[in-house]
Amino acid sequence: KLGHGHNGPVGDVEAINGLAVLVSALPIGYFADKWGRSKVITAGGILFVCTAILHFVVLWWIGTDETQLNREHTTIAFVLLGTVMAMWGIGGGIVNGPTQALYADSTPVGDRSKYYNYLFAAYTTCQLHGTTLEHRPVSDMGDDWDLYHLRTIVFVGLGLEVCNAFVMMLFDDKKA
């Protein structure tokens, strides 16, 4: 409904997200070296919390009653969601490089491959659990998806993202 019956606008929003990652990631290495990686990562974590709150508010504003979604409302909602996705992209661009650099510097020399295997295993496990958690409600909906259930799934993900953002604020260059 948000794309006015077309999937193209969804691809446009994803492109905005990817472009935001790219544009923000390019200069961030300079700032991480100048100010410290943990400060840059903390700034990204704060942006993630703000973005999650805004995302929650936008989804709440959109609502779950599809009969109330007129063309003007869906256009505004789509612009707001595009803005939120750009903010997620900027946050990702801010934290990805410095987090990887800090992780690399925090692992013992000679054992990095072992710790990167742990990192990959943790990442894969999180993806598996996320997919498993969303599978049940999505498969129960079949082809009859509704905004209420989809919004609930996104709210759970936003809550988990806020937890992740707070962990990022604990990173410390001095411990690397």
Side-chain angles (χ1 to χ4, degrees), residues 1-25 27-28 31 38-99 122-171:
K1 301 249 182 209
L2 292 179
H4 304 297
H6 303 285
N7 290 331
V10 175
D12 294 341
V13 168
E14 284 297 318
I16 289 169
N17 177 269
L19 186 61
V21 171
L22 176 65
V23 169
S24 61
I28 214 64
F31 294 116
S38 58
K39 287 181 183 175
V40 170
I41 294 166
T42 297
I46 292 168
L47 179 59
F48 278 166
V49 171
C50 294
T51 303
I53 291 168
L54 179 61
H55 200 159
F56 179 87
V57 169
V58 167
L59 290 177
W60 196 264
W61 176 78
I62 290 171
T64 58
D65 185 358
E66 294 182 36
T67 63
Q68 299 297 316
L69 297 177
N70 60 37
R71 187 167 183 85
E72 180 183 355
H73 188 240
T74 57
T75 299
I76 293 168
F78 207 77
V79 169
L80 290 173
L81 286 172
T83 302
V84 166
M85 291 302 289
M87 291 173 67
W88 282 121
I90 292 168
I94 290 172
V95 301
N96 285 338
T99 301
Y123 177 77
T124 304
T125 301
C126 290
Q127 282 187 315
L128 173 68
H129 287 298
T131 303
T132 302
L133 287 173
E134 75 179 350
H135 175 12
R136 178 62 189 220
V138 170
S139 67
D140 285 350
M141 285 187 278
D143 289 334
D144 296 321
W145 296 29
D146 61 67
L147 290 178
Y148 175 78
H149 290 97
L150 291 173
R151 186 175 75 171
T152 302
I153 292 168
V154 173
F155 283 171
V156 171
L158 291 174
L160 293 171
E161 188 64 50
V162 168
C163 295
N164 179 47
F166 283 123
V167 170
M168 282 190 266
M169 294 178 203
L170 301 174
F171 290 6

**Report entry** Intermediate values then yes/no, side-chain contact (heavy atoms from CB on, under 4.5 Å), Val167 and Phe171
**Finding:** CA-CA 7 Å; Val167 170; Phe171 290 6; 4.2 Å; yes

Query raised in the report: So Lys39 and Phe31, side-chain contact (heavy atoms from CB on, under 4.5 Å) or not? Walk me through it.
Result: CA-CA 9 Å; Lys39 287 181 183 175; Phe31 294 116; over 6 Å; no

Query raised in the report: When you look at Glu161 and Asn164, which way does the side chain to side chain donor-acceptor pair (under 3.5 Å) test go after all the steps?
Result: CA-CA 5 Å; Glu161 188 64 50; Asn164 179 47; 3.1 Å; yes

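Residue Ile76 comes nearest to Trp61 through the heavy atom pair CG2-CH2, 3.6 Å, listed as atom of the first residue, atom of the second, then distance. In plain terms, the two heavy atoms of Tyr148 and Thr152 that are nearest each other are O-OG1, 2.8 Å.
Aromatic ring pairs are classed by plane angle as parallel below 30°, tilted from 30° to 60° and perpendicular above 60°; the pair Phe56 and Phe155 is tilted.
Here the CG-CG distance, from Asn17 to Leu22, works out to 11.5 Å after rounding to the nearest 0.5 Å.
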Under 3.5 Å, sequence neighbours excluded: what are the donor-acceptor pairs made by side chains of residues 77-98?
from  : atom 1 : to    : atom 2 : distance (Å)
Thr83 : OG1    : Val79 : O      : 2.9
Trp88 : NE1    : His55 : ND1    : 3.0
Asn96 : ND2    : Gly92 : O      : 3.0

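The shortest distance between side-chain heavy atoms of Leu158 and Val154 falls below 4.5 Å.
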